[in-house]
Amino acid sequence: MAPARPLIAEELGAPRWRGQRHRLEVWYATFADPTTGDGYWLHHEVVASTVGEPYAHGWAAVFPAGATPVCERFGPVPVAPDGEAWFRAGDVVVGPGRLWGSAGDLEWDLRYEDAGPPLFTFPRWAWERELLPAAQVVPWPTADFEGRFGGVELGDARGALARIYGHGNAERWAWLHADLGDGDVVEVVAAAPRRRGPVALPPLPMVQLRVGGRDWPQHPLMAAGLGRARIGLPRWSATLRSRHRRLTVKVLVPPEESVSLGYTDPDGASATCINSERASAQITLEVYDGGWRTERNWALDGTAHTEVGTRP
């Protein structure tokens, strides 16, 4: 069998929704200004409900270092076809290499680029064939952002632009994006499927660690079966292992530098997310050679991006 053709980020950025009901499509950008320590979050959604008309909406948030975050919503507005933009809700636009718009008192006009390849937190087939309830991919995992956000000029902000597509949010979830420097990055999505009866399934950690241009694990869904996640606030953690490697992630979500937002699924169910673009994380990679030995260790203080989602 011939190897799969490498996908470029722009192919993954293009919308997947084709008018079906019960679909959720997301474009979200998270990044930080290394000069000030401020964090930023842009979240764009198309929601195709099981009843009613589809709509586009989202929010923008700024997390000033040592100060209270500011979050503003935009939309909802009817979904309108656009031949150039991937997402549009009024004056809020996501397109190739550019993000711009306004929400409340916040305005932004940003350019982004990333020379690295996409990061598949879920298997590539899960994204392309839509065989799971939802999937996430990071087309731009080590992106540089420049431009203006909330009156602040950004010249060398670093972060990611990611995508989600599926039938809605998980029963509960935890997410981490951590830039480890020198092009290295880790992405974690620990999620439990929607509860349809009395039995609640545990969350499985989907992980991709890129170090020195190599991604691990090679088969993230299979590896997730050997992992575990403990989702809570203000701390959550995840562990993933293979025969010769073990990755441990511990995250602190600072309450004073977080925002709480309500999510609505296409079927009308509600969830609450706590998000911080000023989180801290401890990430440890171990190798097994007769015993577990630490190979790499990363400590992020106020530069990790995280979210925890729960339901009533």
Problem set entry | Non-neighbouring partners of H44 that pass ring-ring contact (aromatic ring centres under 6.0 Å, His included), sequence neighbours left out | F74, F87

Exercise. If only atom types and distance count, is the side chain of T294 paired as donor or acceptor with the main-chain N or O of E286 below 3.5 Å?
Worked result: no

Exercise. Mind checking what makes ring-ring contact (aromatic ring centres under 6.0 Å, His included) contact with W292, not counting sequence neighbours?
Worked result: Y288

For this session: Could you pull out all residues at least two apart from A178 that satisfy side chain to side chain contact (heavy atoms under 4.5 Å, CB included)?
Result: L176, L180, V186, I283, L300

For this session: Would you sort out whether T50 and R21 count as a side chain to side chain contact (heavy atoms under 4.5 Å, CB included), showing the intermediate values?
Result: CA-CA 5 Å; T50 52; R21 289 194 179 275; 5.6 Å; no

For this session: Over all heavy atoms of both residues, which pair between T142 and G183 is shortest? Give the atoms and the distance, please.
Result: CG2-O, 3.9 Å

Problem set entry | side chain to side chain contact (heavy atoms under 4.5 Å, CB included) evaluation trace for W175 with T30 | CA-CA 12 Å; W175 159 80; T30 55; 3.7 Å; yes

Exercise. With a 4.5 Å limit on heavy-atom distance, are the side chains of D265 and R311 in contact?
Worked result: yes

Problem set entry | Note, I164 side chain near Y28 side chain (heavy atom, < 4.5 Å) | yes

For this session: Not counting sequence neighbours, which residues clear side chain to side chain contact (heavy atoms under 4.5 Å, CB included) with A29? List them please.
Result: F31, L42, L99, F145, L161

Exercise. In a check of side chain to side chain contact (heavy atoms under 4.5 Å, CB included) between P123 and each of V137, L131, L221, which one passes?
Worked result: L221

Exercise. Is the number of heavy atoms from other residues, nucleotides or ligands under 6.0 Å of E113 CD greater than 12?
Worked result: no

For this session: Spell out, as yes or no, whether a donor-acceptor pair under 3.5 Å connects the side chain of E25 to the backbone of R16.
Result: yes

Problem set entry | N/O donor-acceptor pair under 3.5 Å between D179 side chain and V185 backbone | no

Seminar exercise, completed: So CH2 of W27 and CH2 of W86: to nearest 0.5 Å the spacing works out to 9.5 Å

For this session: Would you mind listing every side chain to side chain donor-acceptor pair (under 3.5 Å) that reaches into residues 252-263, with sequence neighbours excluded?
Result: E257-R278, Y263-E307

For this session: Determine whether E187 and P141 make a side-chain contact, defined as any pair of heavy atoms from C-beta on separated by less than 4.5 Å.
Result: no

Exercise. Between A126 and A135, what is the shortest heavy-atom contact and its length?
Worked result: O-CB, 4.1 Å

For this session: Report yes if the side chains of C71 and L261 come closer than 4.5 Å at any heavy-atom pair, otherwise no.
Result: yes

For this session: Return the set of residues passing salt bridge (charged side-chain N to carboxylate O under 4.0 Å, His left out) with D301 (not counting sequence neighbours), or none when no residue passes.
Result: none

Problem set entry | Plane angle bin for W41 and H43 - parallel if under 30°, tilted between 30 and 60°, otherwise perpendicular | perpendicular

Problem set entry | All ring-ring contact (aromatic ring centres under 6.0 Å, His included) counterparts of W100, not counting sequence neighbours | none

Problem set entry | Under 3.5 Å donor-acceptor, D182 side chain and D184 backbone | no

Exercise. Applying side chain to side chain donor-acceptor pair (under 3.5 Å), which residue pairs with at least one partner in residues 52-73 are found, sequence neighbours left out?
Worked result: E45-H57

Problem set entry | Counterpart residues, side chain to side chain contact (heavy atoms under 4.5 Å, CB included), relative to R23 (two or more places apart) | W17, Q20, A48, Y165, H167

For this session: Give a yes or no answer on whether the side chain of R98 reaches the backbone of L110 with a donor-acceptor pair at less than 3.5 Å.
Result: no

Seminar exercise, completed: Those residues at least two apart in sequence (or on a different chain) that pass salt bridge (charged side-chain N to carboxylate O under 4.0 Å, His left out) with D105 are none

Under 3.5 Å donor-acceptor pairs involving side-chain atoms of residues 222-244, not counting sequence neighbours:
residue	atom	partner	partner atom	Å
W236	NE1	T306	OG1	3.1
S242	OG	R245	N	3.3

Exercise. Given side chains that start at C-beta, do those of F149 and D33 come closer than 4.5 Å, heavy atoms only?
Worked result: no

Exercise. Shortest non-hydrogen contact from W108 to L106?
Worked result: CZ3-O, 3.8 Å

Problem set entry | side chain to side chain contact (heavy atoms under 4.5 Å, CB included) evaluation trace for W298 with L285 | CA-CA 9 Å; W298 298 269; L285 178 64; 4.1 Å; yes

For this session: Using salt bridge (charged side-chain N to carboxylate O under 4.0 Å, His left out) as the criterion, list what pairs up with D144, not counting sequence neighbours.
Result: R158

